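Since the structure comes first, as structure tokens, the remarks are kept for the end.
Note that the structure is predicted; figures quoted are calculated from it, not measured. Just so you know, ligand 1 is whichever comes first in the structure, and atom 1 is the first atom listed for that ligand.
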Amino acid sequence: MKTRLLRELPSVDELLRSAPLKEASALYSASAVTDSVRASIEAARSGIISGVVTAISFDGLVEASLAALRTTQCSRVRRVINASGTVLHTNIGRAVLSEEAVEAIRLASGNINLEFDLVSGERGERDSLVEDLIKRLTGAESATVVNNNAASVLLTLNSLAEGEEVVISRGELIEIGGSFRLPEIIKKSGCILKEVGTTNRTHPKDYSSAVTDKTALLFKAHTSNYTVVGFTAEVGLAELVDIGKKHGVPVVEDLGSGSLVDLTGYGLPKEPLVSGSIEAGADIVTFSGDKLLGGPQSGIIAGKKEFVDKIRKNPLKRALRADKLTLASLEATLRLYLNKDSLPARLPTLRHLTRPLAEIEAAANKALGLLKEKLGDGFEIRVEDGESVVGGGSLPGHNLATKVVSVTHKTENPGRIMKFFLDSTPSILGRINKERFLLDMRTVEDPLDIIPSGRF
Ligand SMILES: *Cc1c(COP(=O)(O)O)cnc(C)c1O
């Protein structure tokens with residue numbers, strides 16, 4: 001039978017002569033149509049050989065070719081509605097940009113004064129687009145920007161301590177996720193890691209006694225994605241700065257997320273302020289542009305001019321420098337911080353973190369009605385209490401009360417429901433908790449956004 005089926009397979013030309021594919025050739029390029037026809041014939045051929053295809057139809061192959069064509073022609077970048085309950089979800093692009101930042105990206109898509117001083121008519125410095133704002137918001141003497149905070153850490157270490165020792169507490173040798181492990185970054189930056197203290201307790205004397213003439217830096221990392229509780233001791237930044245001063249060794253702090261405003265003013269828990277670290281005397285502070293800051297993916301290096309200058313002169317800076325779209329949208333984001341009163345309304349990250357529960361509940365109730373109508377029989381849809389997390393390694397251990405829409409089905413498992421919402425256009429990302437598919441409304445501004453486009 002396999003031989004018969006293989007013989008029955010139509011040729012590429014026969015399929016191309018069909019009306020739907022002729023029509024498609026007028027819309028797409030002829031070669032794209034031919035490629036998808038070849039792919040669908042090839043798929044059918046291997047299906048026959050493996051035994052999963054037991055009958056072939058001409059129309060079926062035409063349809064498969066059209067489907068393949070649509071897949072290759074449609075953009076790989078797809079919009080995702082974040083109903084995951086994680087406000088800063090790294091896998092879907094962390095911070096949602098403000099309208100101002102989006103406008104800045106549009107502006108920067110053409111030519112801009114990226115490294116061009118419009119006053120003197122001469123070559124300028126790309127950091128100048130954002131440096132004054134960072135200085136103003138953090139109190140730092142100087143600042144520079146790279147592609148992400150992992151790059152900030154790598155570049156800072158390599159610029160200030162290559163070939164020398166970096167002292168860090170064992171309690172701060174963190175892994176951030178992906179493959180960002182501090183001990184490995186220290187090694188890759190050409191520095192020698194000198195661990196001190198223990199996982200739960202590190203004392204000032206641990207640092208003091210570790211400093212030798214080979215020590216180039218005292219390094220402090222904010223343990224952003226976990227908390228150590230119980231019998232613990234940590235040397236605070238101010239104390240570390242004192243130790244550094246006594247031995248003439250600079251102190252670097254990697255804040256990870258860091259914040260430019262006091263979040264407690266908005267009813268959120270305390271996250272270390274970048275300005276606090278600068279004030280406490282850190283020589284360099286590194287932090288992300290797309291975590292709590294709420295801007296584009298970027299890494300900010302702020303601190304004493306002497307050290308930032310050294311970092312800027314490192315040839316690696318050229319390899320890690322931020323592009324014009326990033327710098328433009330970062331500038332627009334930082335500018336929002338100049339008006340703290342309008343910040344929660346203008347900056348989506350802060351708007352989502354501070355969204356009143358009553359508003360989330362209203363959105364959930366609206367979504368409930370719409371989903372009941374759309375999904376129909378077999379589904380049970382309810383509004384329930386839930387908890388959102390900040391994500392991006394920010395505010396560890398702190399969850400925010402929220403409202404979720406739970407979607408369950410009499411016979412279908414939650415994984416299948418999750419897949420159905422992901423297949424929607426745009427994709428809708430929820431999460432599964434205790435065998436239930438949940439849509440967290442905290443980050444969904446329009447309830448219509450979580451109504452799937454297709455039929456279950
Ligand atoms: C998130 C984080 C990083 C990495 O920052 P990215 O912007 O993701 O590259 C580094 N250090 C700490 C402490 C972090 O929390």
Side-chain angles (χ1 to χ4, degrees), residues 86-97 101 130 134 143-158 160 166 168-189 191 193 202 217-228 234 236-237 240 251-260 263 269-274 276-277 282 284-303 311 316-317 319-323 325-327 329-330 333-334 349 389-398:
T86 303
V87 177
L88 297 166
H89 195 310
T90 300
N91 303 149
I92 54 171
R94 285 192 192 153
V96 173
L97 295 182
V130 290
I134 299 171
T144 185
V145 178
V146 286
N147 276 321
N148 49 48
N149 190 42
S152 308
V153 175
L154 176 79
L155 182 62
T156 299
L157 287 168
N158 180 265
L160 306 183
V166 175
I168 178 168
S169 160
R170 289 199 168 87
E172 295 170 10
L173 289 173
I174 44 174
E175 173 180 306
I176 306 296
S179 52
F180 184 83
R181 286 177 150 189
L182 208 39
E184 280 158 29
I185 292 284
I186 291 173
K187 210 162 147 195
K188 282 283 179 197
S189 55
C191 308
L193 168 67
T202 302
L217 280 185
L218 299 181
F219 193 95
K220 188 162 181 59
H222 181 50
T223 55
S224 9
N225 51 6
Y226 75 105
T227 42
V228 185
E234 166 186 13
L237 179 65
L240 198 60
V251 174
V252 170
E253 182 171 43
D254 174 25
L255 271 184
S257 189
S259 187
L260 296 180
L263 294 178
K270 212 169 172 55
E271 173 78 15
L273 279 164
V274 179
S277 299
I284 289 289
V285 180
T286 57
F287 55 104
S288 268
D290 57 347
K291 291 185 179 173
L292 281 174
L293 199 151
Q297 180 191 300
S298 48
I300 300 170
I301 303 170
I311 289 167
L316 264 184
K317 166 66 170 39
L320 302 171
R321 71 183 185 186
D323 79 315
L325 302 181
T326 301
L327 288 166
S329 55
L330 181 61
T333 307
L334 291 169
T349 300
V389 297
V390 182
S394 312
L395 303 176
H398 186 85

- Sorted by chain and residue number, the side-chain contact (heavy atoms from CB on, under 4.5 Å) partners of Val389 (sequence neighbours excluded) come out as Thr86, Asn399

- Message: I'd like to know if the side chain of Thr202 pairs up with that of Ser169 as donor and acceptor (distance under 3.5 Å, no hydrogens or angles considered).
- Response: yes

- Sub-4.0 Å atoms of ligand 1 with respect to non-hydrogen atoms of Ala150: 4 (C), 5 (O), 6 (P), 9 (O)

- Item | Atom pair CG (Leu155) and NZ (Lys317), whose distance is rounded to the nearest 0.5 Å | 7.5 Å

- Item | Which atom of Cys191 lies closest to which atom of Leu157, heavy atoms considered | SG-O, 3.4 Å

- Message: When you compare the side chains of Glu271 and Ser259, does any donor N or O come within less than 3.5 Å of an acceptor on the partner?
- Response: no

- Query: Can you tell which part of Thr90 has a heavy atom less than 4.0 Å from ligand 1: side chain, backbone, both or neither?
  - Reply: neither

- Message: Can you name the atoms of ligand 1, numbered from 1 with element, that are less than 4.0 Å from a heavy atom of Lys291?
- Response: 1 (C), 2 (C), 3 (C), 5 (O), 14 (C), 15 (O)

- Give the single entry among Asn147, Asn149, Leu88 that approaches atom 10 (C) of ligand 1 most closely by any heavy atom. Asn149

- Item | Main-chain N/O of Ala151 paired to Asn148 side chain as donor or acceptor, under 3.5 Å | yes

- Query: Considering only heavy atoms of His222, which atoms of ligand 1 have at least one such atom less than 4.0 Å away?
  - Reply: 13 (C)

- Message: Looking only at distances, can you tell me whether any N or O atom of Ser288, backbone or side chain, sits closer than 3.5 Å to an N or O atom of ligand 1?
- Response: yes

- Is there a side-chain contact between Ile134 and Val274, using heavy atoms and a 4.5 Å cut-off? no

- Message: Does only the side chain of Gln297 get under 4.0 Å from ligand 1, or the backbone, or both, or neither? Count heavy atoms.
- Response: neither

- Set of side-chain contact (heavy atoms from CB on, under 4.5 Å) partners for Lys270, sequence neighbours left out: Asp262, Thr264

- Task: For ligand 1, indicate whether the residue Arg94 contacts it via side chain, backbone, both or neither (heavy-atom separation under 4.0 Å).
- Result: side chain

- Query: Can an N or O of Ile174 be found at a distance shorter than 3.5 Å from an N or O of ligand 1?
  - Reply: no

- Which atoms of ligand 1 have any heavy atom of Phe180 under 4.0 Å away? 10 (C), 11 (N)

- Item | Options Asp290, Leu182, Asp254, ranked by nearest heavy atom to atom 11 (N) of ligand 1, top entry | Asp254

